[in-house]
Undergrad: 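Can you keep this structure in mind? I'll have questions shortly.
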Amino acid sequence: MNIHQLLQQKFKAALIAIGAPEDAPTPVSRSTRVEFGEYQFNGAMALAKVLRQKPREIAENIVAAIELDDVVEKLEIAGPGFINIHLKNQWLATALDTVAQSARLGIEPESAQTVVVDYSSPNLAKEMHVGHLRTTIIGDVVVNTLEFLGHKVIRQNHMGDWGTQFGMLLAHLSDKLKASEVAATALSDLEDFYREAKVRFDNEQGFADRAREYVVKLQGGDTHCLELWQLFIDVSINHSEEVYKKLKVNLQRSDIHGESAYNDDLANVLRELQAKHIAVESQGAQVVFIDELADKEGNPAVYIVQKSGGGYLYSTTDLAAIRYRSTVLKADRTLIFTDARQALHFKQTEIVARKAGFIQADESYQHCPFGMMLGKDGKPFKTRTGGTVKLADLLDEAIERAALLIAQRDADLTVQEREEIAAKIGIGAVKYADLSRNRTTDYMFDWDTMLSFEGNTAPYLQYAYTRVQSIFRKAGLDATNFNAPISIEAPQEKALAVKLLQYVDALNQVSVEATPHVLCNYIYELASLFMSFYEACPILKDGVAEQTKLSRLMLAAITARTLKSGLELLGIETMEKMG
Ligand code: ARG
């Protein structure tokens, strides 16, 4: 039951009944203050001209014509012609009961689309660093939400597993193997390995030439080179998979469709662009001039698809990827999560791809940019010595810090419980601190804030969930299997019920805008409303009437289910107790 849609439908019908045009908008929004009811309609003012009536008069006519008797307690005309909508407690109780009886919390699958989601996509030459945290977890939440809403999601881990730097890496690896080192050992620290190779590339006579030969051989399909490459890639993918496991991110090998997968198609892409006169020669390179993105002087943007030496680029690969996703994967929509610095690249890629007909006219292609993770000093997040922070190390530190916190709380937990909870809190905190910010802005990484049990943090939400569990434990009941008639009386009960019914709105918004923070805000508000409800409306205290107690338990149970569902979509684990 979607309140918003229902109200819109009813207002639409009422508008038509009073003679408004068929396409008159029905702006229904949430009220900002309880006195104004739960929702507001503010479409009367815009109709004054068309209907040649005063807005207040129009509002009165709408109120007289609308059929909402079962749903609203009163409709109040305010100001110049706003209509304040006060929902009926009885109706809310029934609607909430319907939600409670459904395994999916009343969320009906949307008309399903095939959505390709390109996320995580680390570069395999190095280990995953903090820059890949955001793409990995933001993408994961959007994927989870789209699937929950019934869409067919195809994950594409567009790993950077190809390109010139592999020449130097393979040459170095080949020497190590010749010196009887085992690949897994040689590559146990990819950063060190990369550094060593780079030093040789820059300083050692003849090494750079060998590296270049390796690139040519690799791209030409030389078996020995491909074997070396495969060895390297496998070890590096293992590193990424360890991170995914720690992060509880659901990316499988079968989701990997890296840059190398497009290698054989790059020449075709170029040929097609040339045949359509989209790509032309310029200073020995093949380029597309993009007039749509011309600078102030009118010079078109230059998008290179083949370097003068014949090499292909990141852009060529993305053109091949667009076409593959459209024709083979049959995408209706593609979402790509990378940092904001790549925004221009994707804008250009889309323009070129549309010109070339690589993508259907009605197919959407959405680059979803995100800002940077900053240290407390406001500068890009680095290690104390100024190096890039390995994601794996950051996550280990999160778990260690959470373990310390739990130890301080002097909890009554076994060693094993402690370890499990520390992992859930530590990883949850890092993820939530990131997810709860609007992705387009930079944010400051701060251990103390994210691990706090107060405020908009993962520990606070995990705690709210355990709070409900402990109520049920005390009552000797099972929250997951609880059922009782709901009756809504206190304002805190009403506020909680309305919020619970708005879960679907939050999910729909995440699905459209690819913004996990909307779900975070929702969960946080829900948890806060629950806390206020719990303070104002005693449940297990003496003197609470049996029916009231059962109804309040039911509200608590639905809250717990919604919290758990939302946190699951956010990839944040819950626990039954924290200590
Ligand atoms: N490997 C790239 C990076 O680490 C991200 C790839 C994003 N996807 C794409 N289709 N280009 O920055």
Side-chain angles (χ1 to χ4, degrees), residues 115-140 142-143 153-166 169 190-191 194 229 232-233 236-237 239-241 243-244 247 249 251 255-263 265-266 269 303-305 312-329 331 333-354 356 358-359 363-373 380-381 388-392 434 439 442 514:
V115 189
V116 166
V117 185
D118 175 334
Y119 68 113
S120 193
S121 311
N123 295 327
L124 295 182
K126 295 189 177 180
E127 230 168 284
M128 280 177 87
H129 57 85
V130 292
H132 291 107
L133 174 70
R134 306 207 75 188
T135 163
T136 306
I137 64 179
I138 297 173
D140 191 53
V142 174
V143 160
V153 175
I154 305 176
R155 298 164 172 79
Q156 291 284 281
N157 196 346
H158 190 91
M159 285 181 161
D161 60 357
W162 205 244
T164 45
Q165 76 268 51
F166 282 95
L169 296 170
L190 280 182
E191 299 316 293
Y194 189 95
W229 171 80
F232 187 98
I233 294 298
S236 186
I237 291 177
H239 284 296
S240 299
E241 282 177 337
V243 172
Y244 295 155
L247 277 174
V249 159
L251 270 168
D255 301 321
I256 300 175
H257 205 87
E259 292 181 10
S260 62
Y262 299 102
N263 186 44
D265 202 28
L266 302 179
V269 165
Y303 183 82
I304 308 176
V305 285
Y312 296 105
L313 301 99
Y314 190 58
S315 55
T316 332
T317 308
D318 262 320
L319 287 173
I322 276 207
R323 190 163 69 162
Y324 167 78
R325 292 164 184 180
S326 179
T327 54
V328 181
L329 301 182
R333 182 183 181 202
T334 295
L335 299 172
I336 301 171
F337 292 88
T338 79
D339 74 47
R341 287 171 298 184
Q342 294 194 37
L344 181 62
H345 161 74
F346 288 107
K347 203 182 274 172
Q348 295 178 331
T349 302
E350 180 179 6
I351 293 175
V352 174
R354 290 203 186 273
F358 287 172
I359 181 172
E363 190 178 326
S364 94
Y365 184 77
Q366 243 176 304
H367 173 235
C368 309
F370 50 81
M372 260 188 298
M373 183 163 143
F381 193 78
T388 42
V389 179
K390 282 188 200 171
L391 195 42
D434 189 309
R439 65 169 156 76
D442 295 343

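Position 1 is the first residue of the sequence; numbering continues from there. Order of listing sets the numbers, starting from 1, for every ligand and every atom in it.
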Undergrad: Return yes when Met159 approaches ligand 1 closer than 4.0 angstrom through a heavy atom, no otherwise.
TA: no
Undergrad: Taking it one step at a time, do Ser120 and Tyr244 satisfy side chain to side chain donor-acceptor pair (under 3.5 Å)?
TA: CA-CA 10 Å; Ser120 193; Tyr244 295 155; 2.6 Å; yes
Undergrad: Which ligand 1 atoms are under 4.0 Å away from a heavy-atom of Asn123?
TA: 1 (N), 2 (C), 3 (C), 4 (O)
Undergrad: Is there a polar contact between ligand 1 and Glu259, counting only N or O atoms under 3.5 Å apart?
TA: no
Undergrad: Do Ser315 and His345 come within less than 4.5 Å of each other through their side chains, counting heavy atoms only?
TA: yes
Undergrad: Please verify whether a non-hydrogen atom of His345 lies at under 4.0 Å from ligand 1.
TA: no
Undergrad: When you compare the side chains of Thr316 and Tyr262, does any donor N or O come within less than 3.5 Å of an acceptor on the partner?
TA: no
Undergrad: To check your reading of the model: name the closest protein heavy atom to atom 4 (O) of ligand 1, its residue, and the distance in Å.
TA: His132 NE2, 3.1 Å
Undergrad: Relative to the ring of Phe346, is the ring of His367 parallel (under 30°), tilted (30 to 60°) or perpendicular (over 60°)?
TA: parallel
Undergrad: Are any of the N/O atoms on Thr338, whether in the backbone or the side chain, positioned under 3.5 angstrom from an N/O atom of ligand 1?
TA: no
Undergrad: Any idea which atoms of ligand 1 are less than 4.0 Å away from a heavy-atom of Tyr314?
TA: 2 (C), 5 (C), 6 (C), 7 (C), 9 (C), 11 (N)
Undergrad: For atom 12 (O) of ligand 1, find the nearest protein heavy atom and state the residue, atom name and distance (0.1 Å precision).
TA: Gln342 NE2, 3.0 Å
Undergrad: Less than 4.0 Å is my threshold; does some heavy atom of Phe346 fall inside it relative to ligand 1?
TA: yes
Undergrad: Say whether Gln156 and Tyr324, considering side chains only, have a donor N or O and an acceptor N or O under 3.5 Å apart.
TA: no
Undergrad: Any idea which part of Asp318 is under 4.0 Å from ligand 1, heavy-atom wise: side chain, backbone, both or neither?
TA: side chain
Undergrad: Can you spot which of Ser260, Ser121, Ser236, Ser240 makes a side chain to side chain contact (heavy atoms under 4.5 Å, CB included) with Met159?
TA: Ser240
Undergrad: Does Arg134 reach the side chain of Asp434, with side-chain heavy atoms less than 4.5 Å apart?
TA: yes
Undergrad: Report, in ascending order of atom number, the atoms of ligand 1 lying under 4.0 Å from any heavy atom of Asp118.
TA: 7 (C), 8 (N), 9 (C), 10 (N)
Undergrad: Taking atom types as modelled and ignoring hydrogens, do the side chains of Glu259 and Thr317 form a donor-acceptor contact shorter than 3.5 angstrom?
TA: no
Undergrad: Report yes if some N/O of Arg325 lies less than 3.5 Å from some N/O of ligand 1; otherwise report no.
TA: no
